[in-house]
Amino acid sequence: MNKIVKCQKSDYAILAGIWERSVRATHDFLTENDIESIRQALIPDYFPNVDIYGLSVGGSIVGFIGLSGNKIEMLFIDADKMGLGYGSALMAFAMNRGATSVDVNEQNPTALEFYKSKGFKIIRRDETDEAGRPFPILHLSR
């Protein structure tokens, strides 16, 4: 049975693994140094500052979404579980909770098309990400 569960601090290591496998499968514009830098910030800096919900399938988390107010801060599906509707399930959950905005890397066209298919539209573009790295960010709203 699939269910969405609120993640706890004890889930962070599992979430970090899902994040890394997902990023390696989808973010080919990131260097090894970029991935390592972001990975090191996940547990102390990123995860504690959002409400994280995981999609549990057969008792194992296969993906997660991080929410802050009406914003989707992160959405990652394990690399071997992509394309099975898990991202859509997490998006439906988030939108039912009032999510109306999300940011996406411009160099991740698959994610951009996914969010557009859920009714999101580009409203703004920043030349760099929040850490000042040269990865343009698209801000989307619905």
Side-chain angles (χ1 to χ4, degrees), residues 1-31 34-142:
M1 183 172 117
N2 300 351
K3 65 180 179 174
I4 295 177
V5 297
K6 178 102 162 78
C7 294
Q8 307 300 320
K9 197 172 189 175
S10 58
D11 298 314
Y12 286 0
I14 292 166
L15 301 179
I18 292 170
W19 173 87
E20 185 167 353
R21 290 185 296 275
S22 178
V23 164
R24 289 187 182 282
T26 59
H27 291 59
D28 58 358
F29 56 93
L30 293 177
T31 67
D34 294 326
I35 292 171
E36 180 61 22
S37 173
I38 297 167
R39 187 181 62 74
Q40 288 186 11
L42 286 175
I43 291 174
D45 300 329
Y46 294 125
F47 289 167
N49 291 304
V50 295
D51 293 322
I52 302 177
Y53 299 89
L55 180 62
S56 176
V57 177
S60 297
I61 297 174
V62 299
F64 65 93
I65 195 162
L67 305 174
S68 179
N70 69 344
K71 186 173 184 186
I72 298 165
E73 295 287 351
M74 57 185 76
L75 172 60
F76 294 97
I77 304 300
D78 215 334
D80 65 345
K81 304 293 187 213
M82 292 178 180
L84 301 176
Y86 299 141
S88 292
L90 287 165
M91 283 297 295
F93 172 82
M95 291 188 294
N96 286 339
R97 292 179 67 91
T100 58
S101 66
V102 65
D103 295 342
V104 66
N105 290 99
E106 186 175 66
Q107 296 108 316
N108 190 349
T110 303
L112 176 59
E113 290 309 311
F114 172 77
Y115 292 126
K116 284 181 169 180
S117 78
K118 306 300 180 201
F120 287 81
K121 296 182 182 355
I122 299 169
I123 58 167
R124 195 172 84 247
R125 179 185 185 272
D126 289 334
E127 196 61 37
T128 61
D129 70 10
E130 71 282 345
R133 292 178 293 251
F135 307 123
I137 298 294
L138 301 174
H139 304 276
L140 288 74
S141 185
R142 66 174 192 96

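All of these numbers come straight from a predicted model, not from anything done at the bench. Quick note: residue numbers are just sequence positions, from 1.
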Those residues that, when tested against Ala131, pass side chain to side chain contact (heavy atoms under 4.5 Å, CB included) (two or more places apart): Asp129, Arg133
Closest non-hydrogen atom pair, Ser22 against Met82: OG-CE, 3.4 Å
Hey, does Leu140 have a side-chain heavy atom less than 4.5 Å from the side chain of Lys121? no
Minimum side-chain heavy-atom gap Val5-Leu55 below 4.5 Å: no
Shortest non-hydrogen contact between Thr128 and Ile137, atoms and distance: O-CG1, 3.7 Å
Who passes ring-ring contact (aromatic ring centres under 6.0 Å, His included) against Tyr46, sequence neighbours left out? none
Arg39: which residues meet the salt bridge (Lys or Arg N to Asp or Glu O under 4.0 Å) condition with it, sequence neighbours left out? Glu20, Glu36
Determine which pairs satisfy ring pair (Phe, Tyr, Trp, His ring centres under 6.0 Å) with at least one residue from residues 87-135, sequence neighbours left out, and list them in order. Phe29-Phe135, Tyr53-Phe93
Heavy atoms of Ile61 and Cys7 approach each other most closely as CD1-SG, 4.1 Å
Side-chain heavy atoms of Ile65 within contact of Met74, under 4.5 Å: no
Would you say the side chains of Asp34 and Ser37 form a donor-acceptor pair under 3.5 Å? no
Give every donor-acceptor pair under 3.5 Å between a side-chain atom in residues 8-18 and any protein atom, sequence neighbours left out.
| from | atom 1 | to | atom 2 | distance (Å) |
| --- | --- | --- | --- | --- |
| Asp11 | OD2 | Gln8 | N | 2.8 |

Ala92: side chain to side chain contact (heavy atoms under 4.5 Å, CB included) partners, not counting sequence neighbours: none
If a pair satisfies side-chain hydrogen bond (donor to acceptor under 3.5 Å, both in side chains) and one of its residues is in residues 61-86, list it, with sequence neighbours excluded. Arg21-Asp78, Asn70-Thr100, Lys71-Asp103
Check side chain to side chain contact (heavy atoms under 4.5 Å, CB included) between Arg125 and all other residues, then give those that pass, not counting sequence neighbours. Glu106, Glu127, Pro136, Leu138
Please name all residues satisfying salt bridge (Lys or Arg N to Asp or Glu O under 4.0 Å) with Asp51, sequence neighbours left out, ordered by chain then number. Lys6
Taking Asn49 for the side chain and Asp45 for the main chain, is one N or O donor matched with an acceptor at less than 3.5 Å? yes
Would a 4.5 Å heavy-atom cut-off, applied to side chains only, mark Gln107 and His27 as touching? no
Any idea which heavy atoms bring Val50 and Gly66 closest together, and the distance? CG2-CA, 4.1 Å
CD1/Ile77 to CZ/Phe64 distance, rounded to the nearest 0.5 angstrom? 8.5 Å
Using every non-hydrogen atom in the two residues, find where Ile4 and Leu90 come nearest and quote the distance to one decimal. CD1-CD2, 4.1 Å
Test item: Lys118 and Arg142 side chains (from C-beta on) under 4.5 Å apart, heavy atoms: no
Exercise: identify the closest heavy-atom pair between Ala99 and Ile72: CB-CG1, 3.7 Å
Those residues that, when tested against Glu113, pass side chain to side chain contact (heavy atoms under 4.5 Å, CB included) (two or more places apart): Lys116
Side chain to side chain donor-acceptor pair (under 3.5 Å) involving Asp126 - partner list, sequence neighbours excluded: His139
According to side chain to side chain donor-acceptor pair (under 3.5 Å), who are the partners of Ser117, at least two apart in sequence or on a separate chain? none
